[in-house]
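Written below as structure tokens is the structure these notes are about.
Position 1 is the first residue of the sequence; numbering continues from there. Only a predicted model underlies this, so the values are computations on that prediction, with no experimental measurement involved.
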Amino acid sequence: MQEVIVIEDAAAAAVSLDPLRATLLRELAEPSSAAGLAAKVGLPRQKVNYHLRALEEHGLVELVEERRKGNVMERVLQATAAAYVISPAALAAVEPDPIGLRDRFSAYWLLALAARMVHEVGRLISGATAAKQQLATFAVDGEITFASASSRAAFVEELGREMARLAAKYHEPHAPGGRRHRLVVALHPSLKTEPHEEIQP
């Protein structure tokens, strides 16, 4: 079982978005049979089997073992991942394009960059998994509280200068055997934990 699988196929995305099938995927974090799942979700085994076949057809669950139970052969299945993310590639015709939204202060550009990252990293994970190789990535996640909008703007300007300096220092486009890496730095307001509070622009 992988930690996360990025779904790029539109049909697989549609299958995974069905609420019952999503529930079955969650339950299949641990191997189980149609009979075992039927007891958990309160549905007939035949109906559960129907949904499991759809999930298996699209690579969202896989066969772990077959074991005889009485006169029947029971199939034990497990989800192929602990979690799933749907790539914008599943809606390729309307996938956001960062190239057309190059305003660094635009939330839409940030969203388009995030969508591209899901698509690209998902493809890289698939390739690395198929080749049985590690994928070299790095990420930073944290929060910062600004005293004012002006301090936030000053931070953004300073961060931009430092990123440009570091990029110029290490960027060697003509190095033999060098490999390009994509660098994305994002800043956005944190979501409030209290439901009655609103995000301030």
Side-chain angles (χ1 to χ4, degrees), residues 1-98 111-142 177 179-182 184 186 191 193 195:
M1 173 187 281
Q2 295 185 48
E3 290 186 37
V4 181
I5 284 180
V6 178
I7 300 172
E8 293 198 347
D9 178 68
V15 166
S16 70
L17 287 171
D18 178 273
L20 174 58
R21 290 170 181 170
T23 298
L24 294 176
L25 283 175
R26 185 190 65 222
E27 293 293 339
L28 285 171
E30 298 294 332
S32 186
S33 65
L37 289 169
K40 287 183 179 179
V41 300
L43 289 173
R45 180 176 56 81
Q46 291 82 356
K47 187 169 185 178
V48 170
N49 254 328
Y50 167 78
H51 291 294
L52 289 176
R53 281 195 298 273
L55 292 169
E56 190 175 9
E57 179 183 341
H58 292 284
L60 301 174
V61 301
E62 60 188 356
L63 181 68
V64 174
E65 65 171 318
E66 289 184 313
R67 57 194 181 198
R68 182 163 297 281
K69 194 170 185 180
N71 294 326
V72 298
M73 191 66 76
E74 186 176 59
R75 303 178 80 241
V76 178
L77 301 165
Q78 185 174 24
T80 52
Y84 298 86
V85 176
I86 296 176
S87 169
L91 291 170
V94 290
E95 183 177 355
D97 182 9
L111 198 58
L113 290 175
R116 183 181 66 189
M117 184 180 297
V118 168
H119 174 71
E120 291 184 352
V121 175
R123 294 286 299 275
L124 289 166
I125 288 173
S126 295
T129 300
K132 297 183 179 178
Q133 295 179 344
Q134 289 289 102
L135 182 62
T137 62
F138 172 74
V140 176
D141 179 36
R179 180 169 182 180
R180 290 191 306 167
H181 286 67
R182 189 179 296 285
V184 177
L191 291 174
T193 54

Any salt bridge (Lys or Arg N to Asp or Glu O under 4.0 Å) pairs touching residues 20-43, not counting sequence neighbours? Glu27-Lys40

Would a 4.5 Å heavy-atom cut-off, applied to side chains only, mark Glu8 and Arg123 as touching? yes

Would you compute the distance between atom CZ of Arg53 and atom NE2 of His51 and round it to the nearest 0.5 angstrom? 10.0 Å

When you compare the side chain of Leu37 with that of Leu77, does any pair of heavy atoms fall below 4.5 Å? no

With a cut-off of 3.5 Å and sequence neighbours excluded, list every side-chain donor-acceptor pair involving residues 125-141.
residue : atom : partner : partner atom : Å
Ser126  : OG   : Gly122  : O            : 3.1
Thr129  : OG1  : Ile125  : O            : 2.8

If you compare all heavy atoms of Ala29 against all heavy atoms of Met1, which two are closest, and at what distance to 0.1 Å? O-CE, 3.4 Å

Determine the minimum heavy-atom distance between Ala112 and Pro98, stating which atoms define it. O-CG, 3.6 Å

The reported gap from CD1 in Ile86 to CD1 in Ile5 (rounded to nearest 0.5 angstrom) is 13.0 Å

Go through the structure and list residues passing side chain to side chain contact (heavy atoms under 4.5 Å, CB included) with Val41, not counting sequence neighbours. Thr23, Leu24, Leu43, Val48

Residues in side-chain hydrogen bond (donor to acceptor under 3.5 Å, both in side chains) with Arg68, at least two apart? none

When the side chains of residues 54-67 are checked against the rest of the protein, which donor-acceptor pairs come out under 3.5 Å, sequence neighbours left out?
residue : atom : partner : partner atom : Å
Glu56   : OE1  : Arg75   : NH1          : 3.1
Glu56   : OE1  : Arg75   : NH2          : 3.4
Glu56   : OE2  : Arg75   : NH2          : 2.9
Arg67   : NE   : Glu74   : OE1          : 3.0
Arg67   : NH2  : Glu74   : OE1          : 3.4

Restricting to salt bridge (Lys or Arg N to Asp or Glu O under 4.0 Å), what partner residues turn up for Arg180, sequence neighbours left out? none

Restricting to non-hydrogen atoms, name the atom on Ala81 and the atom on Val4 that form the minimum distance, rounded to 0.1 Å. CB-C, 4.2 Å

Give me the atom names and distance for the closest heavy-atom approach of Ser16 to Ala22. O-CB, 3.7 Å

Euclidean distance, His119 NE2 relative to Glu95 CD, rounded to 0.5 Å: 5.5 Å

